[in-house]
Amino acid sequence: MSYALNGRSARAAAPPAPTRPTPDEGAQTKEPMKPDEPMWTPPPRDGTAPPAEVRRILRLFRPYRGRLAVVGLLVGASSLVTVASPFLLRAILDTAIPQGRTGLLTLLALGMILTAVLNSVFGVLQTLISTTVGQRVMHDLRTAVYTQLQRMPLAFFTRTRTGEVQSRIANDIGGMQATVTSTATSLVSNLTSVIATVVAMVALDWRLTIVSLLLLPVFVAISRRVGRERKKITTQRQKQMAAMAATVTESLSVSGILLGRTMGRSASLTRGFAEESERLVDLEVRSNMAGRWRMSTISIVMAAMPAVIYWAAGLTLHSGATPVSIGTLVAFVTLQQGLFRPAVSLLSTGVDMQASLALFQRIFEYLDLTADITEPEEPVRLEKIRGEVAFENVDFHYDEKSGPTLSGIDVAIPAGSSLAVVGSTGSGKSTLSYLVPRLYDVTGGRVTIDGVDVRELDFDTLARAVGVVSQETYLFHASVADNLRFAKPDATDEEMESAARIAQIHDHIASLPDGYDTLVGERGYRFSGGEKQRLAIARTILRDPPVLILDEATSALDTRTEHAVQEAIDALSAGRTTLTIAHRLSTVQDADQIIVLDGGRAAERGTHDELLERDGRYAALLRRDAHLAPASS
């Protein structure tokens, strides 16, 4: 994507997919999709999805293996420095102090100070590098998910709540931050420390080492069980967070607030949100308390280990075995206490990583989605586009079980001419228009631009070729200029103003206090419906596509506003190949061709006068419009 506004998805600017009619949409609604037979099937929601593979997670770090190698060296050096300190302490207690060797005592004391300094320096460098690597991995994940979602078919977004998508990017990837920025490094650091400490303990006294490690297998088993519990709860928690995000996105948007207040449902929405939040509270508490008592038991036993070591060392004096020196005993307990922190941290890290697998699994679900509409391996690029569009025996269905939405559509639109598509709600009008810019792909026949199948064109050519103005205009929460430049990022002020003049919106923009720098508000709510439509037309004029699709662009407007917008549309359509999806037949009477769809088939075809003479479906639709005209105005 070459241009974005305020971090918003460019996907939002795409024409809306066919939607199911709702009671308050009335007769103006788009044709319904088949809700029971989606083109895209969402991933399993019952926890049956396969667990994220550890190797796949490790591959995320592959581009940064050089920096990770440096971290590994720092971890190793830090571990060696750490275990050196107890040996220096043993030398002080067993040699320097008893023998009165002050010079040696000074050197050993300075050595212990130096180990502390080196440990701190190594720790800071290790944290800097590992955090940088982790944040880069987070960036890669966010970008990969966003890129994948940009490639998904329109059916995916009509079936998925916006808040759910946002939650995957924000909450799920955000929840992995600790894992990818510090947990992985902590795992290596603690593991190295544990190994180095155990080796040093064996070197001091192998008998005391055996006593110290007797309970280690039990601790590992406990931590693994706790990890499995937290992973399960984490999956449930993330789903609940996604549900809450979707609720907030829908109910606190401008449209949601208007609907909630006008329907008197604000209190009901608040109660619903409180219930969602209450469920999240329960899951958060369960997540934080899962296995907490068992992990506390481990901590208690580890803290009591020095007493056990003193007891075991005392037994050697009465068993006839070689006694343990005071220096060795103090050094060993120091090491054993040093083992306590990384060992407990290592067990806790294992628990956290198992919980993080649930987050990785949810992200990998999105990354593994199959994009139905892809660019061919060797795409065709058209430098000069005439704009001839043809539907050649086109069939389309959302699912084989649902039956065809379109069947046997065979019509050509010569470059620079216009075709109007009319018909009753659900006849397939909007679906036909979505096939030209490949928002969906045909299931039979083909759609061509200048004789080339649109499935063979590269995406850039297709985007340059086809412009869409729909009934539901989408504007970003940005300035007027930014919204216009979304179509052409390098547009000059003069080009913007020229496009706005053609769309008959320049005078209104100029009258605003901030002119083209005026913020349009959420979804353009600072502008009327007609003004938003003219802004959308100006945006399309700025892009200058040779093929124009007008998808019921004036059906939601009153008669006066429709007349103003229609003048702007006429200016936009001049010299372009135009496909108009019309609800009001008065807007298409001058079209070069008109086809009437009925049940997905072309029932009639001809000019306005020819179809009137036949006195068929078109004439019946026109009489219906005439009958409804007083009410609609």
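Note that the coordinates shown come from a computational prediction; the quantities given were computed from them, not determined experimentally.
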Do you know the tightest heavy-atom contact between Ile373 and Phe459? O-CZ, 4.1 Å

Checking Arg56 against Phe364: charged group under 6.0 Å from the ring centre and within 45 degrees of the axis? yes

If you take all heavy atoms of Tyr516 and Ser479, which pair is closest and at what distance? O-CB, 3.8 Å

Any chance you could measure Leu74, atom CG, to Leu118, atom CG, to the nearest 0.5 Å? 11.5 Å

Quick one: closest heavy-atom pair of Thr461 and Leu457, and the distance? CG2-CD2, 4.1 Å

Distance, nearest 0.5 Å, that separates CG of Leu107 from CD1 of Ile92: 10.0 Å

Under the side chain to side chain contact (heavy atoms under 4.5 Å, CB included) rule, what do Leu114 and Leu110 come out as? Steps first, then yes or no, please. CA-CA 6 Å; Leu114 180 61; Leu110 289 174; over 6 Å; no

Roughly how far, to the nearest 0.5 Å, is the CG atom of Leu104 from the CD1 atom of Ile97? 10.0 Å

side-chain hydrogen bond (donor to acceptor under 3.5 Å, both in side chains) against Asp94, all qualifying residues, sequence neighbours excluded: Ser325

Kindly write out the residues that satisfy salt bridge (charged side-chain N to carboxylate O under 4.0 Å, His left out) with Arg438, not counting sequence neighbours, or none if the list is empty. Asp441

Is the shortest heavy-atom distance from the side chain of Arg464 to the side chain of Asp460 under 4.5 Å? yes

Atom pair CG/CG of Asn119 and Leu80 - distance to nearest 0.5 Å: 10.5 Å

What's the spacing between Asp458 CG and Arg381 CZ if we round to 0.5 Å? 5.5 Å

Would you say Arg142 has more than 12 foreign heavy atoms packed within less than 6.0 Å of its CZ? yes

Closest heavy-atom pair and its distance - Ala491, Arg485: O-NE, 2.9 Å

Quick check: closest heavy atoms across Tyr366 and Gln148, and the distance to 0.1 Å? O-CG, 3.3 Å

Short question: side chain of Arg65, backbone of Arg62 - any donor-acceptor pair under 3.5 Å? yes

Distance (rounded to the nearest 0.5 Å) between Ser130 OG and Phe61 CZ: 10.0 Å

Where the side chain of Arg539 meets the backbone of Ala487, is there a donor-acceptor pair that is under 3.5 Å apart? no

Can you check whether Asp140 reaches Leu60 side chain to side chain, under 4.5 Å on heavy atoms? no

Is Thr106 reaching over with its side chain to a backbone N or O of Thr102, donor-acceptor style, under 3.5 angstrom? yes

Step by step, work out the side chain to side chain contact (heavy atoms under 4.5 Å, CB included) result for Leu108 and Thr95. CA-CA 11 Å; Leu108 292 172; Thr95 306; over 6 Å; no

Determine whether more than 12 heavy atoms belonging to other residues, nucleotides or ligands lie under 6.0 Å from atom CD of Glu378. no

